[in-house]
Amino acid sequence: MGIIAPSILSADFTCLGDELKAVEEAGADWIHIDVMDGRFVPNITYGPIIVEACKRVSGLALDVHLMIEKPDLMIPEFAKAGADYISVHAEACTHLHRTLQLIRSFDVKAGVALNPATPLSGIEYIIDQLDFVLIMSVNPGFGGQKFIDSSVEKIKSLSALLEKHGSDAIIQVDGGVNTETIKTVHQAGATSFVAGSAIFNTPDYTKTIAGLRKAM
Ligand code: DX5
Ligand code: ZN
């Protein structure tokens with residue numbers, strides 16, 4: 001059974017607490033929180049105070065996806081706010097190994113996110129530092145974009161790479177995940193599925209999450 005992680009980017013922020021409770025009751029596993037700084041990506045979202053607010057309302061693991069430059073400066077704040085998983089972008093980290101150690105020093109699970117154009121080679125020598133790898137299947141910055149098909153091959157290659165190194169890191173896929181795309185990424189080796197618009201833009205979250213699981 002896969003991990004379903006609704007991205008609150010597509011939630012109704014006038015009632016975020018209700019949205020969080022609704023996806024938890026609907027059978028979600030993690031809450032995915034997209035942090036954007038207007039520099040690494042062309043959009044700005046939210047910071048540690050929203051993570052802290054989510055922590056008070058939700059019993060689910062908080063999965064914080066940092067689409068920000070210089071993440072080291074903010075990792076302690078997100079850890080203190082209650083993040084259970086933190087991913088940083090390989091493209092935004094000069095000293096990726098050190099950044100992953102920093103995340104783990106707070107007892108938070110560490111992940112690396114890779115943009116669609118970024119090769120897997122950048123993580124080959126740091127696999128022992130990884131609890132998960134986030135494969136971006138859209139260009140980061142916005143919800144509701146179309147799934148990029150080449151992500152499937154990338155997930156297959158990642159799966160083989162992790163196996164070669166004896167790693168049990170989770171493969172997460174983020175962007176354009178819906179009932180049409182979830183099966184191929186699951187078959188390719190992904191086990192954690194971020195879905196924003198495919199969940200929050202529907203009227204019945206229980207039915208939607210069950211539908212995603214069934215479509216795998
Ligand atoms: C995009 C974010 C995603 C986004 C996915 O930069 O990282 O988490 O919320 O949205 P959907 O599922 O609508 O493609
Ligand atoms: Zn994300």
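Values reported hereafter were calculated over all heavy atoms of this structure, with side chains retained and with hydrogens, waters and symmetry mates removed. Read the numbers this way: they start at 1 and go in the same order the structure lists the ligands and their atoms. As the structure is a prediction and not an experimental result, all values here were calculated from the model. All residue numbers refer to positions in the sequence shown, counting from 1.
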Determine the minimum heavy-atom distance between Ala92 and Pro71, stating which atoms define it.
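For Ala92 and Pro71, the tightest heavy-atom pair comes out as O-CD, 3.9 Å.
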Taking 2.8 Å as the limit, list every protein N, O or S atom around the Zn ion (ligand 2), by chain and residue number.
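The answer, once waters are left aside, is His32 NE2, Asp34 OD1, His65 ND1, Asp174 OD2.
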Examine [X] against ligand 1 and note whether any of their N/O atoms are separated by less than 3.5 Å.
X	result
Met67	no
Gly143	no
Ala198	no
Asn139	no
Ala195	no

Going by the order shown, which atoms of ligand 1 are within less than 4.0 Å of some heavy atom of [X]?
X	answer
His32	8 (O)
Met36	6 (O)
Leu9	4 (C), 9 (O)
Asp174	2 (C), 3 (C), 4 (C), 5 (C), 7 (O), 8 (O)
Val194	8 (O)
His65	7 (O)
Gly175	14 (O)
Phe142	1 (C), 6 (O)

Going by salt bridge (charged side-chain N to carboxylate O under 4.0 Å, His left out), name the pairs with one or both residues in residues 94-113, residues two or more places apart or in two chains.
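Counting only pairs at least two positions apart or across chains, the salt bridge (charged side-chain N to carboxylate O under 4.0 Å, His left out) contacts touching residues 94-113 are Arg104-Asp131.
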Val41 and Phe147: same hydrophobic cluster, using ILVMFWY side-chain contacts below 4.5 Å?
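Looking at the clustering, Phe147 is in the same group as Val41.
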If Ile, Leu, Val, Met, Phe, Trp and Tyr residues are connected whenever their side-chain heavy atoms lie under 4.5 Å apart, and connections chain through other members, are Met74 and Val108 in the same group?
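Yes, because Met74 and Val108 connect within a single hydrophobic cluster, where side-chain heavy atoms sit under 4.5 Å apart.
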What is the nearest protein non-hydrogen atom to [atom], stated with its residue, atom name and distance?
atom	answer
atom 6 (O) of ligand 1	Gly141 N, 2.7 Å
atom 12 (O) of ligand 1	Gly196 N, 2.8 Å
atom 9 (O) of ligand 1	Ser7 OG, 2.8 Å
atom 14 (O) of ligand 1	Gly176 N, 2.8 Å
atom 2 (C) of ligand 1	Asp34 OD1, 3.4 Å

Whether the Glu25 and Tyr205 side chains hold a donor-acceptor pair (N or O, under 3.5 Å, no angle test) is what I'd like checked.
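There is no such pair (donor and acceptor under 3.5 Å, judged by atom type) between the side chains of Glu25 and Tyr205.
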Flag for His32-Asp34: side-chain donor and acceptor within less than 3.5 Å
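Per modelled atom types, Asp34 and His32 side chains form a pair under 3.5 Å.
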Given the rule in the salt bridge (Lys or Arg N to Asp or Glu O under 4.0 Å) test, do Lys80 and Glu77 qualify, once you have shown the distances and angles that lead to the verdict?
CA-CA 5 Å; Lys80 279 179 224 153; Glu77 297 307 315; 3.8 Å; yes
Is the shortest heavy-atom distance from the side chain of Pro116 to the side chain of Asn139 under 4.5 Å?
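When only atoms from C-beta onward are counted, Asn139 and Pro116 do touch, with a gap below 4.5 Å.
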Using 30° and 60° as the class boundaries, would you call the ring planes of Phe40 and His89 parallel, tilted or perpendicular?
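Tilted: the ring planes of Phe40 and His89 meet at 30° to 60°.
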Is the contact between Ser197 and ligand 1 made by the side chain, the backbone, both, or neither, using heavy atoms and a 4.0 Å cut-off?
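The part of Ser197 near ligand 1 is both the backbone and the side chain.
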Criterion side chain to side chain contact (heavy atoms under 4.5 Å, CB included) on Asp12 and Asp18, from CA distance to verdict
CA-CA 9 Å; Asp12 179 351; Asp18 295 340; over 6 Å; no
Over 12 foreign heavy atoms within 6.0 Å of CG, Leu73:
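Yes.
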Would you say that more than 12 heavy atoms from the other residues, nucleotides or ligands in this model lie under 6.0 Å from the CD of Gln101, or not?
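Check passes, neighbour count above 12.
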Side-chain (Lys154) to main-chain (Met136) donor-acceptor, under 3.5 angstrom:
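Not at all, since once roles are kept as given, no pair shorter than 3.5 Å links the two residues.
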As a quick check of understanding, evaluate side chain to side chain contact (heavy atoms under 4.5 Å, CB included) for Val177 and Val194, giving each step before the final call.
CA-CA 7 Å; Val177 174; Val194 177; 5.8 Å; no
Phe193/His186 under side chain to side chain contact (heavy atoms under 4.5 Å, CB included): CA gap, chis, key distance, verdict
CA-CA 9 Å; Phe193 309 92; His186 182 229; 3.8 Å; yes
